[in-house]
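Down below is the structure, laid out as structure tokens.
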Number of protein chains: 2
Amino acid sequence: MARRGKDAEQKALEALDAGQVEHLGVPLWRASRAYVNLMMAGYRRLGYGDLTESHTGLLPHLDIAGTRITTLAERAGLTKQAIGQMVSDLEARGYVSRAPDPSDARAKIVRYTSKGRRFVRDGQTIKKDLQARCRALVGGDKFEAFAEQLEALATQLEDEAAD
Amino acid sequence: MARRGKDAEQKALEALDAGQVEHLGVPLWRASRAYVNLMMAGYRRLGYGDLTESHTGLLPHLDIAGTRITTLAERAGLTKQAIGQMVSDLEARGYVSRAPDPSDARAKIVRYTSKGRRFVRDGQTIKKDLQARCRALVGGDKFEAFAEQLEALATQLEDEAAD
DNA sequence: TTCGATAGTAAAGTATCTTTACTAAAATAG
DNA sequence: CTATTTTAGTAAAGATACTTTACTATCGAA
């Protein structure tokens with residue numbers, strides 16, 4: 001009987017099945033995705049169904065005092081052309097406006113409209129609420145430690161990726 | 001002096017600045033992104049520079065025995081058309097092949113080529129290595145607890161998002 | 001004052017999807 | 001056993017979120 005050989009081969013094949021190797025990447029991705037989905041659901045509930053993830057991801061990079069396109073590009077890690085397109089979108093939807101920078105005729109300053117400021121306030125409410133829900137899920141006593149570990153892991157992984 | 005009024009206004013404006021509200025979404029997203037970047041860097045180092053994130057994300061859903069397009073679509077949470085396109089890509093690059101399903105003339109079975117199996121094995125090596133590095137970063141004694149908390153958080157956030 | 005760097009725009013290209021629409025085969029209802 | 005509905009897959013076009021290439025206008029420094 002080639003029983004042993006068969007088993008070994010089967011084992012090797014099974015070992016190849018992808019779910020096999022457990023690693024932090026999976027829960028990290030799932031949690032991150034679910035979190036964003038909950039954020040977007042919150043925005044939709046409050047009437048911001050006209051904004052996509054890229055919009056809601058960009059707006060928090062905008063200071064109340066106004067911010068240049070180039071600065072937004074640096075913060076978001078995208079090209080200034082990409083930011084220019086998003087700003088045009090957000091302008092068309094009434095969330096921001098473009099104004100000339102008095103200190104530099106080449107530059108423009110992107111500012112919130114009142115609608116944009118309302119979005120930011122509502123976003124902070126949503127984030128605080130979500131944070132509270134996460135705290136409850138993890139457990140109030142363990143939450144701070146968990147958040148710190150996650151924060152540290154994020155920073156260290158980013159450092160490793162930078163090499 | 002309208003000093004108090006001025007301060008309050010300033011405070012309100014500052015409070016609007018987006019970075020203000022700390023929430024788990026940020027480290028979750030950063031860690032997830034950095035993790036994927038490290039994975040992709042690993043694949044590139046091993047000679048898989050022809051694969052994108054969507055490819056490397058799909059392949060682990062493929063069983064060694066072969067899997068139908070529709071099943072892959074369910075597992076990946078995408079349409080079967082999207083999967084069909086990716087499978088065509090992966091076929092063109094030599095990682096998988098499409099074969100008729102003997103039990104159903106409508107269906108096709110997607111299988112790894114030997115190159116595809118090599119990719120999976122190398123991927124497991126990369127994942128194990130990354131997992132070990134994460135363990136070292138978090139701290140060996142705290143790692144299991146952290147991983148469990150993260151896993152639970154992911155599942156619970158997904159549940160909340162499903163409502 | 002000239003010349004390289006910087007701010008922004010314009011247009012086209014690319015990746016990764018979805019939607020709509022279709023064919024062929026299988027499963028099920030009558 | 002046939003008629004109808006469902007399921008597997010493909011095809012083509014459209015949407016989104018970008019990047020690359022190319023350009024103009026202005027700034028700043030030699």
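The side chain to side chain contact (heavy atoms under 4.5 Å, CB included) test applied to A:Arg118 returns A:Tyr48, A:Lys115, A:Arg121, A:Asp122, not counting sequence neighbours. Evaluation of the salt bridge (charged side-chain N to carboxylate O under 4.0 Å, His left out) rule for B:Arg30 yields A:Glu151, A:Glu158 as partners, not counting sequence neighbours. Shown here are the side chain to side chain donor-acceptor pair (under 3.5 Å) partners of B:Thr56, two or more places apart in sequence or in another chain: there are none. In this structure, A:Asp159 has no salt bridge (charged side-chain N to carboxylate O under 4.0 Å, His left out) partners at least two apart in sequence or on a different chain. Residues satisfying the side chain to side chain contact (heavy atoms under 4.5 Å, CB included) criterion with B:Glu160, sequence neighbours excluded, are A:Leu38, A:Arg133, A:Leu137.
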Heavy-atom contacts, protein to nucleotides 3-9 of chain D, under 4.0 Å, summarised as B (base), S (sugar-phosphate only) or - (none) per nt, yield ----BBB

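A:Ala82 comes within 4.0 angstrom of a base, heavy atoms only.
Remark: C1' of C:dT16 and CG of B:Leu51 are 15 Å apart, rounded to the nearest angstrom. Here the C1' atom of nucleotide C:dA15 and the CG atom of A:Leu78 are 15 Å apart, to the nearest Å. Summarising the geometry, the separation between CG on B:Leu90 and P on C:dA15 is reported as 14 Å, rounded to the nearest angstrom.
Each ring-ring contact (aromatic ring centres under 6.0 Å, His included) pair with one or both residues in residues 73-92 of chain B, not counting sequence neighbours, would appear here, but there are none. Applying the side chain to side chain donor-acceptor pair (under 3.5 Å) definition to pairs two or more places apart or across chains, those involving residues 138-150 of chain A are A:Arg135-A:Glu144.
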Worked verdict on A:Tyr95 versus A:Asp89 for side chain to side chain donor-acceptor pair (under 3.5 Å) = CA-CA 9 Å; A:Tyr95 289 91; A:Asp89 281 357; over 6 Å; no

Identify the pairs formed between an N or O of the protein and an N or O of nucleotides 13-17 of chain D at a distance under 3.5 Å, and give each distance.
residue: D:dA17; atom: OP1; partner: A:Thr52; partner atom: OG1; Å: 3.0

